[in-house]
Enquirer: 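Got a structure for you, written out below as structure tokens; questions coming shortly.
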Amino acid sequence: MYVELKNVVKTYDSYRAADNIDLSIEEGRLVALLGPSGSGKTTILRMIAGLERQNSGDIIIGGRVVNDVPGSERGIGFVFQNYALFRYMTVFDNIAFGLEIQKQDKQVIRRRVEELLALTDLTGLEKRYPNQLSGGQRQRVAFARAIAPNPRLLLLDEPFAAIDAKVRKDLRAWLRSTISSLGVTSIFVTHDQEEAIEVADEIVVTNHGRIEQVGTPMEICIEPKTPFVAEFIGRGKRVSNIGAFRGFARWGHMAAIIQPEFVHVYLPGEDAGASGDALQPAIVQDVAFRGANWALRLACCGEELSAFRSLEAPPVHPGDPVRLSVSRAQGIAGEQTEPLYPEGT
Amino acid sequence: MAVTKRRSPIESPDGTKKFLTATSVIPGFGLSTGVTLTMLSLVVLIPLASILWSSSELTVADFFATIARRRVLMSFWVSIETALIASLINMVMGLIMAWVLVRYEFPGKRLLDGMIELPFALPTVVAGMALTSLTANTGLIGGALEAVGIGAPAYTRAGIVIAMIFVGIPFVARSIQPVLEKLDRRAEEAAFILGASPWQIFRRVIFPEIRPAMLVGFGLAFARSLGEYGSVVFIAGNKPFQTEIAPLLIMSELQEYDYASATAIALVMLILAFLILFAMNLIQSQAAKRVGER
Ligand SMILES: Nc1ncnc2c1ncn2[C@@H]1O[C@H](COP(=O)(O)OP(=O)(O)OP(=O)(O)O)[C@@H](O)[C@H]1O
Ligand SMILES: [Mg+2]
């Protein structure tokens, strides 16, 4: 384990921004801290960086307890959400800053900065000031500045938040491949689940200062462990009575979350294949075009469901009566969840 | 040539007409410009022009004869020297005051914050009297300094510097304070994580940000100190060649009905003031260019 948090608590006045955090991160992994706003993601990151001191608990980096080690000596690179570039320094000087502080040889610094400029595709911009750069370029300067001194651990707070959607996609892919080629252990904060799923090897879902679940993007999506994760990930709807859906009767009045991927919608007369007799009636409430498919909102058995429909299938309209089947739900029992499959499958 | 003549005003290549209308977001641009220019002329330009006008009655030879008098030259030197020392001290003290007010929480902070403007609010004569009685050899501080062999500052150039520090400090503190408040703390944290010491963070990250404000504060304090009369008149003692500052000399020339000399000295002060303003504007626009503000 390269980074470990043990029973870490951080309170602001009486509010527990980090509530008994236990977390282990393996060397070389790219980990996402994912959670809603105010769930403590930044707080966790800042404690690891030594910018914030925990009230209790231990933080261990590379086998060393760093509770009393100042952030400047933890071997960390930090990319701030707003980049926090030095406005009065050129791109070159920004990137060189950490190396100059270490009093490295001028030639060595020059070579390292040039290497990073090439890596971040900023060659030719080294004499510019931050205000003369685009958002994406600033982001890459911040990244280059953070990794210049070869940190063992890279922390990024919402690295893509301030960048427009198109550039964000490219930058994500770039960051992912760059980090994995550097092999540096990295933790990044995001509240965008899509981003976490696409970029991270491992996702840590936070809520109210606690960790809800740690797992690969696949595990988080397919096997959400807590009701919160089941609801937070994906676009699923919560139903209070799963027993009302065909095939789920034996779970009675259990609450569950049904993801749109597992709701199959058929117009009357449309061939439903094998699930033919498991269908039940529903009414289309709303249809929204999502580029790759239609997103439907449906009323069924007094509950609301969401579903996707292929662009190739005959279109449906609000008010249309349809038939549907549910192939999977995530049942909620107290603080636990379990996957539910309809009987007969 | 003929082509340029046939251009209509709208197509005029310098584009002034277009500029005025296109950039005026607030309605009533014409009116407000008129009011501004009128006020500026009435309050600032016309009085200043009158100095120039009366100085135009001087011949160039007279002007230089007045200026070159040893007493006059010394008064300029005393003014510039004391104002320079006072403003340099103010730059450091003002920075410390602004720093404390922005970066620390302590009881009485609001009160202290409010008191910075006191030198603006207080009639300068009152300040002068108070400072004189404090720093004379019978006063609290003056007596103590006398006792340890340094000597009371009142009626010396040190006294002038003290008065100038008093009137000049709000300029520096208030120029730096808002800039410090606006500073992005994340940049300091970034420098910290990269291993910078507090001093390195200050020198390399914070100082470049506040340097323009410090220089502007210095310039304002310097200009104010150069022209300061009320608070200096008591504490200076006004000994010619030693503690007589230029504004005082203007007063005494006027009392002797020597308007020509008074005007000549005033003209030099005016030029100095313009030079300072010009330098400050240069500093500000250069700094703004660097970070992309206008
Ligand atoms: N300096 C502070 N003083 C008081 N409360 C704070 C402070 N910093 C954070 N908090 C509180 O701690 C909680 C967690 O904050 P944190 O910044 O870690 O959230 P986050 O998950 O990063 O949210 P976001 O996605 O909005 O950035 C919030 O409720 C916040 O109000
Ligand atoms: Mg945050």
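The figures here come from the full heavy-atom set of this structure, side chains too, leaving out hydrogens, waters and symmetry mates. Source: prediction; values computed, not measured. In what follows, chains carry the letters A, B, and so on, assigned in the order in which the sequence lines appear, proteins first and then strands, with residues in each chain numbered from 1.
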Enquirer: B/R185 versus chain A, heavy atoms under 4.5 Å apart: side chain, backbone, both or neither?
Expert: neither

Enquirer: Under 4.5 Å from any heavy atom of chain A, what part of B/Q200 do you find: side chain, backbone, both or neither?
Expert: side chain

Enquirer: Could you tell me whether B/R224 and B/E228 have a side-chain N and a carboxylate O separated by less than 4.0 Å?
Expert: yes

Enquirer: Quick check: A/F143 with A/W174 (ring centres under 6.0 Å apart)?
Expert: yes

Enquirer: Among A/R46, A/E100, A/Q102, who wins on heavy-atom pairs under 4.5 Å with chain B?
Expert: A/R46

Enquirer: Could you walk me through whether A/T190 and A/E195 satisfy the side-chain hydrogen bond (donor to acceptor under 3.5 Å, both in side chains) test, starting with their C-alpha distance in whole Å, then the side-chain angles of each, then the deciding distance to 0.1 Å, before giving a yes or no?
Expert: CA-CA 7 Å; A/T190 177; A/E195 192 168 290; 3.0 Å; yes

Enquirer: Measure from NZ or CZ of A/R145 to the centre of the six-membered ring of A/F86, then state whether that distance is under 6.0 Å and the direction lies within 45° of the axis.
Expert: yes

